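Let me begin by presenting the structure, written as structure tokens, before commenting on it.
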Amino acid sequence: MKLIGTYLSPYARRVAAALISRGLPFEHEAVNGYREFEIASRYNPVAKVPSLVLDDGEVLIDSTAILDYLNELTPAAPLIPAGSRARRTTLKLAAIGYGVYEQATSLSFRGREVPETEAKRWKAQILGGLRALDEAARDGGPLRATPLDAAAITAIVAVEYLARTNPDLEALPAIPALAALAAGYRDAPPFALTRAAA
């Protein structure tokens, strides 16, 4: 398999972290969808990353769809647990983390160009999502399950992405359980091997 997308993208990074966490070998082509539009568009018609090229040449797009496929490959250690309630919880928490990525990206790239009310709304969405993830990261919470599932991987990447793109938010004091979870896995291979250079 080949993963297309730079680890500066939290979407590509969460896929890479999932692959590494399950011991699935892959090649990595660090394509930036913004700067390398033509290359990215070879894999995805809307030139977004990540894309995952399977060994038979099929190309999967969108990190959520890719994680769903990887889940099929790892039934003994699922990224998305079976069972309706556990599955719904994991998907909900992963969607919250994904939403944090989206709003953090908007704030980072467009925060100075939009009315203050818009930027304020994005900040509120980020903090609301982080607080929900923090609740789930407390002892015994669903983000504490092992092995790490799609929700926990997404949440940990969200914490690091936010610290990188919007350090002025200083969100960590408001999310102690989530911050501790992210710190605990900082040097684990799924995150250490996918951390973009400064």
Side-chain angles (χ1 to χ4, degrees), residues 1-80 87 90-110 126 129 133 147-166 182 185-198:
M1 290 185 285
K2 181 192 285 187
L3 177 62
I4 310 301
T6 175
Y7 294 156
L8 290 169
S9 161
Y11 310 100
R13 188 177 180 211
R14 77 174 183 154
V15 170
L19 284 160
I20 293 167
S21 77
R22 297 312 190 262
L24 296 169
F26 68 100
E27 296 175 53
H28 179 226
E29 187 175 342
V31 173
N32 184 313
Y34 294 107
R35 295 185 187 136
E36 299 168 288
F37 180 88
E38 288 186 19
I39 297 172
S41 65
R42 292 179 202 156
Y43 301 100
N44 180 336
V46 294
K48 289 189 171 186
V49 297
S51 295
L52 185 69
V53 183
L54 305 186
D55 293 339
D56 65 2
E58 181 183 0
V59 179
L60 305 179
I61 61 172
D62 183 79
S63 64
T64 299
I66 295 170
L67 290 178
D68 186 60
Y69 170 74
L70 297 181
N71 189 55
E72 295 175 9
L73 301 181
T74 57
L79 287 159
I80 305 166
R87 180 176 177 80
T90 297
L91 291 173
K92 177 181 177 179
L93 292 170
I96 291 169
Y98 192 103
V100 170
Y101 297 171
E102 290 179 322
Q103 303 313 339
T105 299
S106 293
L107 189 61
S108 176
F109 286 101
R110 297 181 50 226
I126 291 167
L133 295 173
L148 292 175
D149 64 14
I153 290 168
T154 301
I156 292 167
V157 169
V159 170
E160 289 196 14
Y161 182 66
L162 188 64
R164 181 185 187 105
T165 59
N166 295 279
Y185 281 98
R186 177 173 173 74
D187 296 325
F191 306 103
L193 295 175
T194 62
R195 189 168 292 116

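These numbers come from a predicted model, not from an experiment. Residues: numbered from 1 along the sequence shown. Keep in mind that the numbers below use all heavy atoms, side chains included, and drop hydrogens, waters and symmetry copies.
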Test side chain to side chain contact (heavy atoms under 4.5 Å, CB included) applied to [X] - qualifying residues, sequence neighbours left out:
X: Leu73; result: Met1, Leu24, Tyr69, Leu70
X: Glu38; result: none
X: Val100; result: Ile126, Leu130, Ala158

_Backbone of Ala18 reached by a side-chain donor or acceptor of Ser21 within 3.5 Å_ =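 Yes.
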
_Determine whether a donor-acceptor pair (N or O, by modelled atom type, separation under 3.5 Å) exists between the side chain of Asn166 and the backbone of Ala104._
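Yes; at least one donor-acceptor contact below 3.5 Å.
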
Considering non-hydrogen atoms only, spot the tightest contact between [X] and [Y] and give its length.
X: Leu67; Y: Ala150; result: CD1-CB, 4.2 Å
X: Ala40; Y: Val49; result: CB-CG1, 4.5 Å
X: Leu93; Y: Ala151; result: CB-CB, 3.7 Å

Only pairs under 3.5 Å count here: list side-chain donor-acceptor contacts from residues 186-194, not counting sequence neighbours, and write none if there are none.
| unit_1 | atom_1 | unit_2 | atom_2 | d |
| --- | --- | --- | --- | --- |
| Thr194 | OG1 | Arg13 | NE | 2.9 |
| Thr194 | OG1 | Pro190 | O | 2.7 |
| Thr194 | OG1 | Phe191 | O | 3.4 |

*salt bridge (charged side-chain N to carboxylate O under 4.0 Å, His left out) against Arg42, all qualifying residues, sequence neighbours excluded*: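 Here no residue qualifies.
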
Is any side-chain heavy atom of [X] less than 4.5 Å from a side-chain heavy atom of [Y]?
X: Asp149; Y: Ile80; value: no
X: Thr64; Y: Asp68; value: no
X: Leu79; Y: Ile153; value: yes
X: Glu29; Y: Val53; value: no
X: Tyr11; Y: Lys48; value: no

*Does OH belonging to Tyr34 count more than 12 external heavy atoms closer than 6.0 Å?*
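Incorrect, the count does not exceed 12.
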
Return the [atom1] to [atom2] distance between [X] and [Y], rounded to the nearest 0.5 Å.
X: Leu162; Y: Gln103; atom1: CG; atom2: CD; result: 11.5 Å
X: Leu148; Y: Ile156; atom1: CG; atom2: CD1; result: 5.0 Å
X: His28; Y: Leu19; atom1: NE2; atom2: CG; result: 10.5 Å
X: Ile66; Y: Ser51; atom1: CD1; atom2: OG; result: 6.0 Å
X: Ile39; Y: Asn44; atom1: CD1; atom2: CG; result: 14.0 Å

_ring-ring contact (aromatic ring centres under 6.0 Å, His included) against Tyr161, all qualifying residues, sequence neighbours excluded_ =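 Testing Tyr161 for ring-ring contact (aromatic ring centres under 6.0 Å, His included), a comparison that skips the adjacent residues, returns none.
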
*Assess the side chains of Ser63 and Arg14: does a donor N or O sit below 3.5 Å from an acceptor N or O?*
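The criterion, which ignores hydrogens and geometry beyond distance, is satisfied for Arg14 and Ser63.
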
_Name of the residue among Leu52, Leu60, Ile61, Val59 meeting side chain to side chain contact (heavy atoms under 4.5 Å, CB included) with Tyr43_ =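 Of Leu52, Leu60, Ile61, Val59, side chain to side chain contact (heavy atoms under 4.5 Å, CB included) with Tyr43 is met by Val59 alone.
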
